[in-house]
Amino acid sequence: MDTLKVRDAKDVEEVVRAAIANEQPLEIIGHGSKRSIGHAMATNAVLDVSALNAVTSYEPNELIVTLQAGAPLADVLSLIDAKNQQFAFEPMNTAPLLGTSVSGTIGGMIAAGLAGPRRIRAGGARDHLLGAHAVSGFGDSFKTGGKVVKNVTGYDLCKLLAGSWGTLSVMTEVTLKVMPKPEAERTLLLRGLDDAAANKAMTAALGSPFDVSGAAHLPKSAFRAKTEGLGDIVSQGEALTMLRLEGITASAAHRAASLRELLAPFGTPALIEDAASAALWAAIRDVLPFASGGALGAWPVWRIVCPPASGAALGTQLAHETGGDVIYDWGGGLIWAALPPKSDAHAPSVRRCADAVGGHATLIRAAEEVRRDVDVFHPQAPGVAALSERVRASFDPKSVLNRGRLTRGPAA
């Protein structure tokens, strides 16, 4: 397979135009950390943007950073952390779950659009993308959005690029909003709740005035005796419900005390603070209990988004039907499900459960032979699918960019 390593946006234009002329589709990669998500692509040439790795500008006082798309995510997080800032949507590091050695690039972070636990309060990756430079499937460079937080010109085009998995354009540079890191972090822990009670506790906390920034639940599990990534906080696979509060120290402490009173009907919450709390939420963000090196590392993993009120029933039913294990995030609105190995990854059960509540499911981890036979991304309703295809064709009419990644078989 040919690998074409580009140095700048002009190189990207030339590579895409040559691909169009030769009717040769391209696979777009940065570090390749998420190559195993999606279907095997109908390509035999790779467009490698990893050399586009510069920080174009960083203005901490303006809360914006402009980066080339190949900038390593880990390096960028270190850069903004040094100024006590963060990406508020908590981008997921897929490396532990997928078993890769790198956490990927900024472009991959935007293209995948996988946000962490704070999404319930801060929004997703697309809500923090202010502007982008990219090359379309016509081989033309274009710019959308701007470098000012209040500038919304072209903002919807940015939203299209986020979560498009590289099927609309090759991003070369992006401008993102950053936010100050909270001074303090407090997490309340409830032990031993079943899924339904945990769902009620999370709903009560999220509906309270105490500005909860994370709500997750690990059900009791026979599979997670060690509970990878969670240290001594939880033992022997016991159920654990977590509620996070952030802000200035006095405020976080006061709200934690008030929330503890609100949660009294569910038990007496334990309290963990700052570094211990951050480590716990990083484990939830990166789904460490299902890590590739852990007890369930060989199991396929689904990411199911649904109405939070339906989460407990959906997760309980799915675990019961398949013999699998689940984790709840987003107050029950995001379910991670690790299911026993099967040739179809239990897709019929997963999709039936998701469809019943108006949710959708994505197969994040599975062997390539499974992904050949199962729709990785949730099948869209006919009208939505037709609209999506029109949008894709308006960016990339010859389908030269990541052809076949989102749907089985060659794109039309």
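What you see below is based on every heavy atom in this structure, not just the backbone, and it leaves out hydrogens, waters and symmetry mates.
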Does one side chain, of [X] or [Y], offer a donor that lies under 3.5 Å from an acceptor on the other?
X: His39; Y: Arg372; answer: no
X: Ser251; Y: Arg255; answer: yes
X: Thr316; Y: Asp195; answer: yes
X: Asp355; Y: His360; answer: no

Separation of [Y] [atom2] from [X] [atom1] (nearest 0.5 Å):
X: His128; Y: Phe89; atom1: NE2; atom2: CZ; result: 6.5 Å
X: Gln85; Y: Leu77; atom1: CD; atom2: CG; result: 12.5 Å
X: Arg303; Y: Leu363; atom1: CZ; atom2: CG; result: 13.0 Å

Applying side-chain hydrogen bond (donor to acceptor under 3.5 Å, both in side chains) between Thr56 and each of Gln68, Glu173, His133, report the one that passes.
Glu173
Of Asp48, Leu4, Val46, the residue whose pairing with Leu26 passes side chain to side chain contact (heavy atoms under 4.5 Å, CB included)
Leu4
Can you name the one residue among Val170, Thr167, Leu47, Val135 that meets side chain to side chain contact (heavy atoms under 4.5 Å, CB included) with Leu401?
Val170
Specify the closest pair of heavy atoms between Gly404 and Met41, including all atoms of both residues, with the distance to one decimal.
C-CG, 4.3 Å
Hey, is [X] close enough to [Y] for a salt bridge, meaning N to O under 4.0 Å?
X: Asp127; Y: Lys177; result: no
X: Arg244; Y: Glu273; result: no
X: Arg352; Y: Glu321; result: yes
X: Arg17; Y: Asp140; result: yes

Taking only residues two or more places apart in sequence or in another chain, which ones pass side chain to side chain contact (heavy atoms under 4.5 Å, CB included) with Ala184?
Arg186, Thr249, Ala252, Asp274
Leu97/Val301 under side chain to side chain contact (heavy atoms under 4.5 Å, CB included): CA gap, chis, key distance, verdict
CA-CA 9 Å; Leu97 191 65; Val301 173; 4.2 Å; yes
Evaluate Ile304 against Leu314 for side chain to side chain contact (heavy atoms under 4.5 Å, CB included), listing each step before the verdict.
CA-CA 10 Å; Ile304 306 164; Leu314 193 163; 4.3 Å; yes
Applying ring pair (Phe, Tyr, Trp, His ring centres under 6.0 Å), which residue pairs with at least one partner in residues 311-356 are found, sequence neighbours left out?
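Every pair satisfying ring pair (Phe, Tyr, Trp, His ring centres under 6.0 Å) with a residue in residues 311-356: His217-Tyr328.
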How would you list, by chain and number, every residue that makes a salt bridge (Lys or Arg N to Asp or Glu O under 4.0 Å) with Lys10, sequence neighbours excluded?
Glu13
Report the residues that fulfil salt bridge (Lys or Arg N to Asp or Glu O under 4.0 Å) with Asp8, sequence neighbours left out, ordered by chain and then residue number.
none
Taking only residues two or more places apart in sequence, or in another chain, which ones meet Trp281 in a side chain to side chain donor-acceptor pair (under 3.5 Å)?
Thr187
Which pairs, with at least one residue in residues 23-39 and sequence neighbours excluded, count as a salt bridge (Lys or Arg N to Asp or Glu O under 4.0 Å)?
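The answer is Glu27-Arg35.
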